[in-house]
There are 2 protein chains.
Amino acid sequence: MGLGEIVNGLLTSRERLIWEASLARNARDYMKRADLAREGERPVALRIILAGWAQKYKQMPDGRRQILGLVLPGELCDLDLFTVARTDHSIAAVRRLSVAEISRPDAQRLFEQCPNLAPALCWAAIIGAAVQREWTINIGQRNALERVAQLLCEIYVRQRDVPSGGGGSCDFLLTQGQMAEAMGLTQVHVNRVVQQLRLRCAVEIRNMRLEIPDFAQLAALASFNATYLHLGEPAMLVERARMLFLPDLDGRDRPIDGALSSAI
Amino acid sequence: MGLGEIVNGLLTSRERLIWEASLARNARDYMKRADLAREGERPVALRIILAGWAQKYKQMPDGRRQILGLVLPGELCDLDLFTVARTDHSIAAVRRLSVAEISRPDAQRLFEQCPNLAPALCWAAIIGAAVQREWTINIGQRNALERVAQLLCEIYVRQRDVPSGGGGSCDFLLTQGQMAEAMGLTQVHVNRVVQQLRLRCAVEIRNMRLEIPDFAQLAALASFNATYLHLGEPAMLVERARMLFLPDLDGRDRPIDGALSSAI
DNA sequence: CGCGGACATTCACCCATGTTAAGTTGCCGA
DNA sequence: TCGGCAACTTAACATGGGTGAATGTCCGCG
């Protein structure tokens, strides 16, 4: 189960109906590059990506810009937006984007109706931190080729939810300029690297699609190791956390408490 | 209130007694460079730094190493260590280190006795993610001088819990080599930068102490903006989150639920 | 059909940072 | 007191990746 599937995977079928109805009711579109949230603002809504990609980013006073992470369909964007007094980073649409925006009062009602929702969201926040750590080491230690290869691997795996050994393709909505902003490189140099990867027949990027003929080769180039995505863990762990902290529960009556446990 | 003070600040005086007794009972020392946790292992205990510094780090197969963040006295190390199936990063002592290690069963008992503990810990996890984001942009966008200046600013502010305008000094336990691992630079280049900062009378590092004659100057060099540390927010926000998700509570009977809210 | 904008590509140049390899200092333990 | 190690300095040299600017390519729109 990947990041995008966490919520669906942990809900009961009844809860899933409520959840999906709520998403549909609150859908909203953004144009390419539009900001969903800006650094320093007061966060106002819980957001879930329905279609398209969003980018978390931060901008320095002189204009330098770093993409901190991507938010793919099905993922939350972003949990601390709901907890913190002032957001410390911005979020924008990569291209045309469709999100569900759930206001505070609505969210409150939703959480009461879907007790399994909270644990799922907490889990997603923890994974988000793990991914951020991987980005830090990626930018800090890898060279340009490895960085780009790693980014492509992550995007591929996150969309397929399986670190498959063979090849395949997936959506890819970033421009080379955005890849550069994400990896701390220049657009020109990303272009050099992408061409090098192309020459080696490691990847082909075209028409908003990423093709990876041989995933194992690309993963080797990047020293990619998918464990930081913690694929497949959430269901097991929310359960484990519940038992750990609330062993006297039958697991259904007050499962909302499990959320707490899962975050500790 | 800074990261290190979160727990103390949010507990009632009775809870604080229990908490501190528990810490004292479970104290344990590590030698310089010893690992408290290793990537890929199953996490076993909740840890709180009592004295000294710890470093979160990640190592690549070929030996390249990136320090992902520091854990200062009073801080937790690390929350997801308690949630995840396999740790995705390692933790080591920077120098001689004293921590409290609380086993799972003990932790469970502790959380039952101190309902305000959980919200505090959740909050700390969220701040941890924010700090990680700042490190990403630091390494991705800033040049060597700015990076080092930023690191020094963060360490200074985190230890004083106040982004003061004047000057002052604080503990500083990192070697130049460790600073290099943290900022994605080489030890040699960190040395060049430190000397440059010294020449400009921006900092002096000596005897495990960091002296900053003029914090404003250093902050300007680094484009340092302390908001990502969310200083002073936790007490307010745990309260806010509680009211948001559990408006029918009087705020004392089941405050443990506030933890959940604070993480969403 | 042709224009304009967004993106990709290429090139020449050069600088910030890495590399390697000596020193040098200073502390700690025998 | 001395030896030895860890940390810090310094220097000469190498290079990955940045800069700036021009050109190419595609695509949507009037």
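Keep in mind that what you see is a predicted model, and the values were worked out from it rather than measured. Residue numbering restarts at 1 for every chain, and letters A, B, ... go by the order of the sequence lines.
As a whole-Å value, the separation of B:Met208 CE from C:dC28 C1' is 13 Å. In this structure, the CG atom of A:Leu185 is 18 Å from the P atom of C:dA16, given to the nearest Å. Separating the CD atom of A:Gln141 from the C1' atom of C:dG18 is a distance of 12 Å, rounded to the nearest angstrom. Rounding to whole angstrom units, CZ of residue B:Arg142 and P of C:dA16 are separated by 18 Å. For B:Ile205 and C:dG26, the CD1 to P distance is 17 Å, given to the nearest whole Å. Computed from coordinates, the B:Glu181 CD to D:dA6 P distance equals 15 Å when rounded to whole Å. If you take CZ of B:Arg96 and P of C:dC28, they are 11 Å apart, rounded to a whole angstrom. Going from atom CD of B:Gln196 over to atom C1' of C:dA16 covers 11 Å, rounded to whole Å.
For the residue pair A:Asn191/A:Gln176, the side-chain donor-acceptor check at 3.5 Å is satisfied.
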N/O to N/O distances under 3.5 Å, protein versus nucleotides 7-10 of chain D:
residue, atom, partner, partner atom, Å
D:dA7, OP1, B:Arg33, NH2, 3.4
D:dC8, OP2, B:Gln176, N, 2.8
D:dT9, OP1, B:Arg198, NH1, 2.9
D:dT9, OP2, B:Gln176, NE2, 2.9
D:dT9, OP2, B:Asn191, ND2, 2.2
D:dT10, OP2, B:Gln195, OE1, 2.2
D:dT10, OP2, B:Gln195, NE2, 3.1

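Listed by chain and number, the residues in a salt bridge (Lys or Arg N to Asp or Glu O under 4.0 Å) with B:Arg142 are B:Glu134 (sequence neighbours excluded). Residues satisfying the side-chain contact (heavy atoms from CB on, under 4.5 Å) test with A:Met208, not counting sequence neighbours, are A:Arg95, A:Leu173. Remark: B:Arg198 pairs with B:Glu204 by the salt bridge (Lys or Arg N to Asp or Glu O under 4.0 Å) rule, at least two apart or across chains. Take A:Ser90 and apply the side-chain contact (heavy atoms from CB on, under 4.5 Å) test, not counting sequence neighbours, and it matches A:Arg38, A:Glu39, A:Tyr57. Taking the salt bridge (Lys or Arg N to Asp or Glu O under 4.0 Å) definition, one finds that A:Arg33 meets it with nothing, sequence neighbours left out. Taking A:Glu181 as the reference, A:Arg65 meet the salt bridge (Lys or Arg N to Asp or Glu O under 4.0 Å) condition, with sequence neighbours excluded. With sequence neighbours excluded, the residues forming a side-chain contact (heavy atoms from CB on, under 4.5 Å) with B:Asp62 are B:Met60, B:Arg64, listed by chain and number. Residues that satisfy the side chain to side chain donor-acceptor pair (under 3.5 Å) test with B:Gln132, not counting sequence neighbours, are A:Thr136. Checked against side-chain contact (heavy atoms from CB on, under 4.5 Å), A:Asp29 has the following partners two or more places apart in sequence or in another chain: A:Ser98.
The bend of the helix from C:dC1-D:dG30 to C:dA30-D:dT1, defined by the angle between the axes of its first five and last five pairs, stands at 40° to the nearest 10°.
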Checklist entry - Going 5' to 3' along nucleotides 23-30 of chain D, which nucleotides have protein heavy atoms under 4.0 Å from the base (write B), which only from the sugar-phosphate (write S), and which from neither (write -)? => result --------

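Taking a cutoff of 4.0 Å between a charged side-chain nitrogen and a carboxylate oxygen, B:Arg86 and B:Glu41 do not qualify as a salt bridge.
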